[in-house]
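Following: one structure in structure tokens, then a few remarks.
What you are looking at is a predicted structure, and each value in this text was computed from that prediction instead of being measured. Residue numbers begin at 1 in each chain, while the letters A, B, ... track the order of the sequences.
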Protein chains: 2
Amino acid sequence: MRHKGKTNPPGRIRIMKSLSDLMAEKDFHSITTAEIARNAEVTEGLIYKYFRDKKDLLYQVLKEHFEAFQKKIETRVNETGSCVGKLDIIIYTSLESYAANRVFSKILLLEVRNSLDFFKSCAYEMVQTYSRTILNIIRQGIDTGELKPGTDPVVLRKVILGAIEHACLGEIIFGRELDIDRVSREISSIIFQGVKA
Amino acid sequence: MRHKGKTNPPGRIRIMKSLSDLMAEKDFHSITTAEIARNAEVTEGLIYKYFRDKKDLLYQVLKEHFEAFQKKIETRVNETGSCVGKLDIIIYTSLESYAANRVFSKILLLEVRNSLDFFKSCAYEMVQTYSRTILNIIRQGIDTGELKPGTDPVVLRKVILGAIEHACLGEIIFGRELDIDRVSREISSIIFQGVKA
DNA sequence: CTTGTAAGTAAGTATTACTCACCATGTGGT
DNA sequence: ACCACATGGTGAGTAATACTTACTTACAAG
């Protein structure tokens with residue numbers, strides 16, 4: 001019989017912590033269930049009491065992280081009224097968050113995408129929330145006339161999200177440094193002012 | 001003893017074709033070597049005669065697709081002299097290529113990234129070539145004054161690549177339709193003219 | 001006191017990527 | 001002609017891994 005999710009027993013917490021820790025060292029695929037269990041000081045079987053499978057465990061760990069991230073975004077965004085300012089903040093905060101938390105960034109940008117399961121998971125719901133936040137700000141900006149009328153909000157969001165993610169890729173993959181201030185300013189400038197002379 | 005790569009025997013071709021076909025149906029991780037072999041009508045052992053491991057096979061399949069793509073980009077780009085025009089073409093051709101070849105796109109955008117091995121593979125070399133092509137065009141555009149002076153070429157490239165990739169994600173993952181003409185025009189407009197009113 | 005259920009265990013099992021020893025067929029050198 | 005040897009291919013392994021199942025213990029409510 002599987003767990004119903006009504007309580008949060010110590011074993012479950014230890015397992016999630018264990019995976020979270022192990023991910024700092026190596027990538028998800030090369031972490032074994034045996035290792036997770038050993039590290040959490042529980043038996044392998046217990047993992048499957050609380051999680052459908054290894055991926056499900058990953059998604060739940062990810063979800064926790066996203067919730068914290070989303071909260072930070074929302075409080076910061078409310079510090080300004082301007083739409084362009086809000087988007088600036090999102091770009092900056094996202095880069096900052098990716099840089100400060102490489103483990104999760106690596107998982108999000110490189111690891112989870114390979115399975116369609118992710119896009120049905122609770123973790124992906126958090127991504128959608130984040131994504132929707134951006135879309136709402138854009139729509140608002142078009143309404144208030146801050147952004148060019150006729151701009152396609154969905155495409156603009158894609159450009160913003162794509163820019164953010166791609167900007168971090170080099171750092172995540174090769175461990176390169178990222179000048180958050182400069183790069184986020186540059187991205188904002190390109191998207192808001194354009195690059196054509 | 002492993003294969004030296006001097007010839008291209010039928011078994012090898014069948015194996016690559018087999019994986020390529022299977023990828024249209026499911027994701028790489030859930031395709032088994034047994035399945036690949038059965039589908040190619042060879043034995044499992046033969047796979048390891050021609051490929052170091054399962055991933056190596058994947059990379060070689062990817063590389064083949066990428067070579068064709070790169071050729072198309074290069075001939076089209078040379079049809080115009082303007083830098084903005086060249087970048088327009090790259091955006092359009094990339095979207096078109098992603099849309100026309102979903103299997104290849106799925107591998108590139110979702111599957112290969114999860115392993116650091118990819119970034120040392122022959123397939124990644126093709127990505128770098130593509131990436132460098134864009135960078136050179138941008139640099140040229142700044143020199144000729146077509147693009148704003150002071151633009152960071154590397155960041156601009158990140159924005160362009162990110163926009164292209166993110167634009168295709170929805171289609172690849174959820175099988176949604178993509179209006180290539182409209183979206184590529186919109187991306188170009190955002191990046192070149194900006195969105196600030 | 002009993003009944004039910006949640007927490008946790010221990011010993012599997014099926015599957016999977018990968019290996020290795022072997023066979024068959026040409027092909028070139030002496 | 002005969003040997004050496006590389007190439008193309010086989011099939012029966014093996015170790016490791018994700019996941020299962022049957023079980024025990026603890027304990028709270030009625």
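Relative to the ring axis of A:Phe28, A:Lys54 places its NZ or CZ within 45° and under 6.0 Å from the centre.
At a threshold of 4.0 Å, the pair A:Lys63-A:Glu67 counts as salt-bridged, since one of the basic side-chain nitrogens sits closer than that to a carboxylate oxygen.
Distance B:Phe28 CZ to C:dA17 P: 8 Å, rounded to the nearest Å. Distance CD1 (B:Ile47) to P (C:dC18): 10 Å, rounded to an integer number of Å. What separates CE of B:Met16 from C1' of D:dG8 is a distance of 17 Å, to the nearest Å. The separation between B:Leu22 atom CG and C:dA17 atom P is 12 Å, rounded to whole Å. The separation between A:Arg12 atom CZ and C:dG8 atom P is 12 Å, rounded to whole Å. In this structure, the CZ atom of A:Arg38 is 15 Å from the P atom of C:dT9, given to the nearest Å. If you measure from atom CG of B:Asp56 to atom C1' of C:dA17, you get 14 Å, rounded to the nearest angstrom. The distance between atom CD1 of B:Ile13 and atom C1' of D:dG9, rounded to the nearest whole Å, is 15 Å.
At its two ends the helix from C:dC1-D:dG30 to C:dT30-D:dA1 runs along axes set 0° apart, each axis drawn from five pairs and the angle rounded to 10°.
Checking the phosphate oxygens (OP1, OP2) of D:dT20, no side-chain nitrogen or oxygen of A:Tyr48 falls inside 4.0 Å.
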Under 3.5 Å, N/O pairs linking protein and nucleotides 10-17 of chain D:
residue	atom	partner	partner atom	Å
D:dT10	OP2	B:Thr43	N	3.2
D:dT10	OP2	B:Thr43	OG1	3.2

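Using modelled atom types, one finds a donor on one side chain and an acceptor on the other under 3.5 Å when comparing B:Lys55 with B:Ser115. Using a 3.5 Å distance cut-off with no hydrogens or angles, the side chains of B:Asp27 and B:Ser30 do pair a donor with an acceptor. A donor-acceptor contact closer than 3.5 angstrom is absent between the side chains of B:His29 and A:Asn114. Using a 3.5 Å distance cut-off with no hydrogens or angles, the side chains of A:Glu44 and A:Thr33 do pair a donor with an acceptor.
With sequence neighbours excluded, the residues satisfying side chain to side chain contact (heavy atoms under 4.5 Å, CB included) with B:Gln128 are B:Tyr124, B:Glu125, B:Arg132.
Between B:Gly11 and A:His29, it is B:Gly11 whose nearest contact on DNA chain D lies nearer the 5' terminus.
Relative ring orientation between B:Phe104 and B:Phe69 is described as tilted, the plane-to-plane angle lying within the 30° to 60° band.
Formation of a donor-acceptor pair under 3.5 Å by the B:Ser188 side chain with backbone atoms of B:Ser184 is found in this model.
Nucleic acid contact class of B:Tyr50 (heavy atoms, under 4.0 Å, all strands): sugar-phosphate only.
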